[in-house]
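Below: the structure, in structure tokens.
Quick note on labels: first sequence line is chain A, next is B, and so on, each numbered from 1.
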Amino acid sequence: MKLDSMYQDVILDHYKHPHGRGLRAGDAEVHHVNPTCGDEITLRVKLDGRTIEDVSYEGQGCSISQASASVLNELLVGKELAEAQRIQEQFLELMQSRGRIEPDDAMEEVLEDAVAFAGVSKYPARVKCALLSWMAWKDATAQALKEAAA
Amino acid sequence: MKLDSMYQDVILDHYKHPHGRGLRAGDAEVHHVNPTCGDEITLRVKLDGRTIEDVSYEGQGCSISQASASVLNELLVGKELAEAQRIQEQFLELMQSRGRIEPDDAMEEVLEDAVAFAGVSKYPARVKCALLSWMAWKDATAQALKEAAA
Amino acid sequence: MTPLPGLLDTEAIRKDFPILDRTVHDGKKVVYLDNAATSQKPRQVLDALSAYYERHNANVHRGVHVLAEEATALYEGARDKVAAFVNAPSRDEVVFTKNASESLNLVANMLGFADEPYRVDRDTEIVITEMEHHSNIVPWQLLAQRTGAKLKWFGLTDDGRLDLSDLDEVITEKTKVVSFVLVSNILGTHNPVEAIVRRAQEVGALVVVDASQAAPHMPLDVQALQADFVAFTGHKMAGPTGIGVLWGRKGLLDDLPPFLGGGEMIETVSMHSSTYAPAPHKFEAGTPPIAQAVGLGAAVDYLSGIGMEQIEAHERAITEYALGRLQEVPDLRIIGPTSAEDRGAAISFTLGDIHPHDVGQVLDEQGIAVRVGHHCARPVCLRYGIPATTRASFYLYSTPGEVDALVDGLEYVRNFFG
Amino acid sequence: MTPLPGLLDTEAIRKDFPILDRTVHDGKKVVYLDNAATSQKPRQVLDALSAYYERHNANVHRGVHVLAEEATALYEGARDKVAAFVNAPSRDEVVFTKNASESLNLVANMLGFADEPYRVDRDTEIVITEMEHHSNIVPWQLLAQRTGAKLKWFGLTDDGRLDLSDLDEVITEKTKVVSFVLVSNILGTHNPVEAIVRRAQEVGALVVVDASQAAPHMPLDVQALQADFVAFTGHKMAGPTGIGVLWGRKGLLDDLPPFLGGGEMIETVSMHSSTYAPAPHKFEAGTPPIAQAVGLGAAVDYLSGIGMEQIEAHERAITEYALGRLQEVPDLRIIGPTSAEDRGAAISFTLGDIHPHDVGQVLDEQGIAVRVGHHCARPVCLRYGIPATTRASFYLYSTPGEVDALVDGLEYVRNFFG
Ligand SMILES: Cc1ncc(COP(=O)(O)O)c(C=O)c1O
Ligand SMILES: Cc1ncc(COP(=O)(O)O)c(C=O)c1O
């Protein structure tokens, strides 16, 4: 059934048991909104040099946007910035593929649980849900870096 | 041929040889425009008590609007006001009939040459041309009466 | 099941709507419950559009040739039909716009540029309500920002109705305009017009009614409403997209300044100055939505043919049935009035803590089209402390069977996320 | 007659346009020479409209159900098509409006409400030309009235071209915006963009191009134009009524304030304040003309399929032929350029002192549809001391035979009033 391609067990698991939810100390905070559906996220990034020490967040939204934030936390915390950016870009590419990318082992190596979102990319209205936290993370990181540089 | 029902000889005659054209002294002057086609008329009314002493006019426009002003001049100058108003109303009715009124003898008695416009009433875009001078006359007369009363 | 009283012959009606035969997701017939967002269009309207383009298309008002005369007659004929549909005292009170949003912006801008006594400026107040569609909020926010006027509003009661307990404090001598929705697109609430109009008239404020969710569903009589302006939109009432209506009192339309400038709305133009055509043309700059007006005319004919009272009765029956059945669903909370009294055919709800986006997605997979989100009425969601709702909304072709499908679908949703 | 070089296969093309088989006045096939007012629509566009309404109709942007996703994809797909058609660097630079008039009003209003450096106010100047369509005059007159800015314009030469001899005096350091028509709908003149753009850029003024009579007839490349805004309208380019386009530079659309407020154009709304969606949505308040955008997309496909260069060549050939033949008619005076150089396919003329209204009427009786009047460009009539003109205008389906019919028709007119 087609629904299952969107609502993979991995996604539903993250949705029901989110990782790293809640706001903790950070170097920068952003608030992003998906005007289409009203999903919102407040997200903080804490850097330790070029390493991501923490990504904390709070928000409301559908299972896709919630699970995606949880996966992001799990995937990026502890990573080097460059590596994290590579992951973000690959996730973005996957989500914008309109279902045309079938994740292979190499991709799964990089994206881990996040490959479960491949099915979501077939639903244009939901792609933004999946990307909400990732766009917020990118924005917050840029701000944290700017602050650090200033 | 259908065109002949609009461009009756009477109309073409008035168009080529207009009556009372030119501006002469008056008690009130108005300027009316038909925005659809740019037809314009400047018209003056001179009253002598309750009698129409003169209707003088100048303007540019199509054969219908020009001929109609000429017919108006011929028909209304020298008439009592009440009689002129009756004529104006009957002409208005005829023009708004969308070709549904077939002028009879009684109507011809009142409207004389103006019955020739019956065919024009079938052409919605041209009805305003035929009415331009008549509306201007009504307006100018109202003003002249107001001035006289003041 | 015994048939509900007041139902239309939907079997016959549905044959007029080609899209209702559409199947989605491997052969499931679409259950279209998103009528508050936009309605479907009957064959009669589509035929009117085609006939216009295939036989009569021309630009209106300025032509002496046959096609231009026919197009003008069709366009102006549509105005006559719409005027009759809302019982307007004069056809010249019907202004065609592109949608209800433009209609409401048109009023707001006229009042911002008007002379006294209509002028909205820093010493005056604008009143709306907390249940407005964004299209009846943002234009007034913009007007308030641009003029310095103060924006005020009526709040909502817990059961989804307007809280008019502070009527006399909200609408005051400073109020220049009161704009409110007749039937809410999110709550379904049908608002009490009379009390508001009476108070507005007392202080000399103009009354604007957003009838976008009323015109499609019930008899609408602008004279009985006693409002000064009434806005609605074609695509929600079986008509095409790209056409809206603003009805306004003749005297007001004559007095108020134009908004958009251009062809069709002028009397005479020179480089130095221009004068304007009489209403309604003064407010219709540029080539109007000619085919769309013709289509709306056909829609109005179609709806009138069935009868607006009959449509209202049908929707009341469906709504009553749906309210009852939905309330059988565990964890389902209706946002808005829970009985069919003074209520339209849009029903918003939440389902436990399953996000509406997920509800909508899983319903869609079963062929059931509902809308999810804040429905362009985010303040309502804020008011009730919810992120969004799922909304099912009905029209003349909706059936009790479709309500049942929705309820079954919701059960499936609950299990899916259970 | 030897066939004209560059002609399209009109026999094939005309089969796509159902209305061209229409007969008027007792069986006369219509000779439609009123294309500058509005074009006819090919079957392909009508089919796209029907398919949209019969299979995909839903409101856009907010739905998770299949129909809403399809409608959104079709609507946004139309934006892609239009962006490609005018070589826009980004699809987000294409704003859908209801017609070119709204597009031009949108620019005028953005600039009136903008902050520096764009703001038009009493210390600044607006520049237009004497050959503008009323839709590119009145919005600027209104803006000038409302802001106190000064409205200036370029005059015309005796042979129907822009008089740019005072370029540096008309466009000055005070000029905030220069708005002019690319191809005149009354004179047919194709204006020299470069000189004006260069001077405008020198003083930092924004450039708005009214391409309503260009987009349908020739390749249009907004990047090559170097303008800041370009406006055009769907119904003149084989598309439906009810849809227009404003192309604007991304940076400008981002910086400038919204105009109409409502659904679709917001990011988030509370009763106290709102934020706006990024362009183009910021400028598309309310339910957009969805079906009309889809129809315009189909029109753009249709025109591109034939080739805009091919269409331009066809029209040049017809125009050249028509200019030659018309000048054989005694007492006929062409108002506008008399050769096909830098010229579009609309030809205005007077015929002795026979009023255009009479010319048009008698032509109509022979089945020939032309437009008569001031063509929403009254200042041009004033400039040339004429009350009105008769205008014949051509499109991709026009034939030399139709030009001949016009010329014969004019002979008949002369005899009729002779
Ligand atoms: C040059 C020009 N500009 C603007 C317009 C206005 O277009 P619309 O009436 O579609 O707004 C027209 C057509 O009427 C035109 O010919
Ligand atoms: C209550 C209400 N008002 C206004 C509107 C705006 O209508 P439109 O989007 O057609 O401008 C809508 C529909 O979206 C509505 O439901």
So what's closer than 4.5 Å to chain C heavy atoms on D/Ile128: side chain, backbone, both or neither? side chain
For chain D, which candidate among C/Asn57, C/Val64, C/Ile266 shows the most heavy-atom pairs at distances under 4.5 Å? C/Asn57
In this structure, CG of C/Asn109 is separated from CG of C/Leu104 (nearest 0.5 Å) by 11.0 Å
Could you tell me whether the side chain of D/Asn35 and the main chain of D/Ser393 form a donor-acceptor pair under 3.5 Å? yes
Under 3.5 Å, is there a donor-acceptor pair between the side chain of D/Ser274 and the main chain of D/Val269? no
What part of C/Ser212 lies closer than 4.5 angstrom to a heavy atom of chain D: side chain, backbone, both or neither? neither
Using the ring of C/Phe17 (Phe, Tyr or Trp, six-membered ring only), decide whether C/Arg43 places NZ or CZ under 6.0 Å from its centre and within 45 degrees of its axis. no
Among the options D/Ala144, D/Ala377, D/Pro139, D/Ala108, pick out the one with the most heavy-atom pairs lying under 4.5 Å from chain C. D/Pro139
May I ask you to name which of D/Arg55, D/Glu102, D/His375 has the most heavy-atom pairs under 4.5 Å with chain C? D/Arg55
Under 3.5 Å, is there a donor-acceptor pair linking the side chains of C/Asn59 and C/Thr287? yes
Tell me, out of D/Val24, D/Leu260, D/Asn136, who's got the most heavy-atom pairs with chain C below 4.5 Å. D/Leu260
Of the backbone (N, CA, C, O) and the side chain (C-beta and beyond), which part of D/Ile290 lies under 4.5 Å from a heavy atom of chain C, both, or neither? both
Any chance you could measure D/Ile186, atom CD1, to D/Thr389, atom OG1, to the nearest 0.5 Å? 4.5 Å
Pairwise distance CH2(D/Trp140) to OG1(D/Thr147) - rounded to 0.5 angstrom: 10.5 Å
Between C/Glu54 and D/Arg22 (salt bridge meaning N to carboxylate O under 4.0 Å), is one present in this structure? no
Among D/Gln40, D/Gln361, D/His133, residue most engaged with chain C (heavy-atom pairs, under 4.5 Å): D/Gln40
If you count heavy-atom pairs under 4.5 Å between each of D/Gly360, D/Gly373, D/Ser270, D/Ala293 and chain C, which one has the most? D/Ser270
Is it the backbone or the side chain of C/Asp34 that comes under 4.5 Å from a heavy atom of chain D, or both, or neither? side chain
Among C/His235, C/Glu264, C/Lys41, C/Gln292, single out the residue with the greatest number of heavy-atom pairs under 4.5 Å to chain D. C/Gln292
Give, as side chain, backbone, both or neither, the part of D/Val359 having an atom under 4.5 angstrom from any heavy atom of chain C. neither
Aromatic plane relationship, C/Tyr75 with C/Phe96 - under 30° parallel, 30 to 60° tilted, over 60° perpendicular: tilted
Check whether C/Leu67 gets within reach of chain D through its side chain, its backbone, both or neither, counting any heavy atom under 4.5 Å. side chain
If you tally heavy-atom pairs under 4.5 Å between each of C/Ile19, C/Thr268, C/Leu363 and chain D, the highest tally belongs to C/Ile19
For a 4.5 angstrom cut-off between non-hydrogen side-chain atoms, does D/Tyr276 reach D/Met265? yes
Would you check if the side chain of D/Lys98 reaches a backbone N or O of C/Pro288 as a donor-acceptor pair within less than 3.5 Å? no
Could you pull out all residues at least two apart from D/His374 that satisfy ring pair (Phe, Tyr, Trp, His ring centres under 6.0 Å)? D/His134
Taking side chain as everything from C-beta outward and backbone as N, CA, C, O, which of these in D/Thr129 sits under 4.5 Å from a heavy atom of chain C? Side chain, backbone, both or neither. backbone
Name the member of C/Leu142, C/Asp364, C/Thr241 that forms the most heavy-atom pairs with chain D at distances under 4.5 Å. C/Thr241
Taking C/Glu132 first and then C/Arg378, would you say they form a salt bridge - that is, a charged N and a carboxylate O separated by under 4.0 Å? no
Using non-hydrogen atoms only, which part of D/Arg146 is less than 4.5 Å away from chain C: side chain, backbone, both, or neither? side chain
The interface call for D/Glu284 against chain C, heavy-atom contacts under 4.5 Å, is neither
Heavy-atom pairs under 4.5 Å with chain D are the metric here; pick the option from C/Val138, C/Thr38, C/Asn105 that has the most. C/Asn105
Report which part of D/Leu382 has an atom under 4.5 Å of a heavy atom belonging to chain C: side chain, backbone, both, or neither. side chain
With a 4.5 angstrom heavy-atom cut-off, is it the side chain or the backbone of D/His25 that approaches chain C, or both, or neither? side chain
Using only atom types and a distance under 3.5 Å, with no angle test, would you say the side chain of C/Ser135 pairs donor to acceptor with the backbone of D/Gly263? yes
With only heavy atoms counted, which part of D/Leu49 is less than 4.5 Å from chain C, the side chain, the backbone, both or neither? side chain
Quick one: sort the D/His65 and C/Tyr32 rings into parallel, tilted or perpendicular, breaks at 30° and 60°. perpendicular
With a 4.5 angstrom heavy-atom cut-off, is it the side chain or the backbone of D/Val30 that approaches chain C, or both, or neither? side chain
Who wins among D/Ile137, D/Thr233, D/Asn99, D/Ile368 for the most heavy-atom pairs under 4.5 Å with chain C? D/Asn99
Under 4.5 Å from a heavy atom of chain D, the part of C/Val380 involved: neither
